[in-house]
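For reference, the structure is listed below as structure tokens.
Note that the coordinates shown come from a computational prediction; the quantities given were computed from them, not determined experimentally. Remember, it's 1-based here, ligands and their atoms both numbered in the order they're listed. Numbers here simply count residues along the sequence, with the first being 1.
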Amino acid sequence: MQALAGQTLSVPPVWMIRQAGRYLFDYRELRSHYPSFLALCYTPEAAAEVTLQPIRRFGFDAAILFSDILVIPDALGQTVTFAKGEGPQLKALGGQEDIAALKPDRVLEHLQPVFETVERVRSALPPETTLLGFCGAPWTVATYMVEGKGSKDFANIRRFAYGDPDGFSRLIDILVEATTQYLLKQVEAGAECIQLFETWGGVLSENGFERWVIEPTKKIVANLKAVHPDLPVIGFPRGAGLHLIDFKQQTGVDAVGLDSGVPLKWVAEKLQPLGPVQGNLDPMYLITGGDEMIDETRRILDVLRDGPFIFNLGHGITPETSPENVGKLVDFIRNYR
Ligand code: CP3
């Protein structure tokens, strides 16, 4: 919370994207007792336990709520399943009738278990550990809703957004509203900071980024801050490149998450003076381990620790990661001067 408020700390705080999950034995064990990934997400006692596992093991400075960005389409009535080894599957939205059939009115009721998870985690966490709530940003959630699954080229959604912007904006507007309501409830339940994941922001044209990433994010941030003026919001527009400056300045986010490709010298000169940054070790270094992992971590710390900074990965931990390397990384960050 201090780093998010703009303080430069001698030891930067550290947490990791996907810090809970399949690389941990305790997670795989617990997961095996649930019929589906979403069933686990909607069982507060279990989701709270999974959120806490990496905190107990590694002592991260922040816990991130265990859930998924795709609970929003699920709550809107577009059933989501996670087939083993294939990633998420949804019945792709075909057109305006499908958008009109979404059920924004039932979102909060459907996601009630998530709020209970947040309450449980907050009361179990040490007071010095920040609890992060999160949500997918509208564009990224819409990619799964329109493509029906993960995509390589995002052809369907780009054709929709560029060819029928007014029609597409109906979907984005629904997502802005649902996201706002959902995040406000997370905060009410005990989330102290919110991260917005814009995983697929980098596939858009310049105008597309402005209209479908910056504009909806700006609305959500304004809606949240209207109720909670001091709530810190982290935006993570993966692949945004040179858009990062506009993203920071126009959306009103407090901090910006960096993917592993962003040049750090540029960040230190141009972006970090505008506010805290978070990132950006390539998660593959957690698999290589060794001197390579430590050298790369030192490089990141050396460039970014003279300003407000939160250590993180540039993207999510992969299931092949060795927990030992995660422990070594955290130790190195805590002891490096
Ligand atoms: O520890 C944490 O970071 C919190 C939990 C979390 C998950 N997903 C758990 C999860 C968070 C923050 C997410 C965000 C998420 N989900 C994003 C944005 C961040 C990113 O990584 O880009 C996206 C794009 C998704 C959508 C999603 N969920 C996909 C594509 C998949 C399949 C991934 C795969 O490798 O199979 C998921 C499933 C998912 N979400 C798992 C976990 C732990 C694996 C499910 C399992 O245990 O079977």
Worked check of side chain to side chain contact (heavy atoms under 4.5 Å, CB included) between Leu183 and Gln186: CA-CA 5 Å; Leu183 293 175; Gln186 289 186 28; 3.8 Å; yes
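Interface of Ile64 with ligand 1, defined as ligand atoms under 4.0 Å from a residue heavy atom, comprises 1 (O), 2 (C), 3 (O), 4 (C), 12 (C). Every atom of ligand 1 with a heavy atom of Pro88 under 4.0 Å away is listed here by number and element: 29 (C), 30 (C), 31 (C), 32 (C). Below 4.0 Å from some heavy atom of Thr199 lie the following atoms of ligand 1, by number and element: 18 (C), 19 (C), 20 (C), 22 (O), 24 (C). Taking every heavy atom of Ala20 and a limit of under 4.0 angstrom, the matching atoms of ligand 1 come to 1 (O). Near Gln19, meaning under 4.0 Å from one of its heavy atoms, ligand 1 places the atoms 1 (O), 2 (C), 3 (O). Ligand-side atoms of ligand 1 in range of Tyr27: 43 (C), 46 (C), 47 (O), range being under 4.0 angstrom from any heavy atom.
Within the 4.0 Å heavy-atom criterion, neither part of Lys84 lies near ligand 1. Using a 4.0 Å cut-off between heavy atoms, Arg31 contacts ligand 1 through its side chain alone, with no backbone atom that close. Looking at Ser67 against ligand 1, only its backbone comes within 4.0 Å, counting heavy atoms. Only the backbone of Leu65 comes within 4.0 Å of ligand 1, counting heavy atoms alone; no side-chain atom from C-beta on gets that close.
A distance of 5.5 Å separates CG of Leu24 from CZ of Phe58, quoted to the nearest 0.5 Å.
For the pair Asp68 and ligand 1, the shortest N or O to N or O distance falls below 3.5 Å. Taking only nitrogen or oxygen atoms, main chain and side chain alike, Phe82 does not reach within less than 3.5 Å of ligand 1. Considering backbone and side-chain atoms together, His315 places an N or O closer than 3.5 Å to an N or O of ligand 1. The shortest N or O to N or O distance between Arg18 and ligand 1 is under 3.5 Å.
Just one of Leu196, Ile172, Leu171 meets the side-chain contact (heavy atoms from CB on, under 4.5 Å) condition when paired with Pro138; it is Ile172.
In this structure, Phe209 and His243 have parallel ring planes: the angle between them is below the 30° cut-off, well short of the 60° mark.
No hydrogens or angles considered: a donor-acceptor pair under 3.5 Å links the side chains of Gln195 and Gln278. With hydrogens and angles left out, the side-chain atoms of Asp282 and Ser260 include no donor and acceptor closer than 3.5 Å.
In this structure, Val330 is not a member of the same hydrophobic cluster as Ile287, with clusters built from ILVMFWY side-chain heavy atoms closer than 4.5 Å.
For Trp15 and Phe311, the ring centers are positioned 6.0 Å apart or more. Taking the centre of each ring, Tyr27 and Phe66 come in below the 6.0 Å mark.
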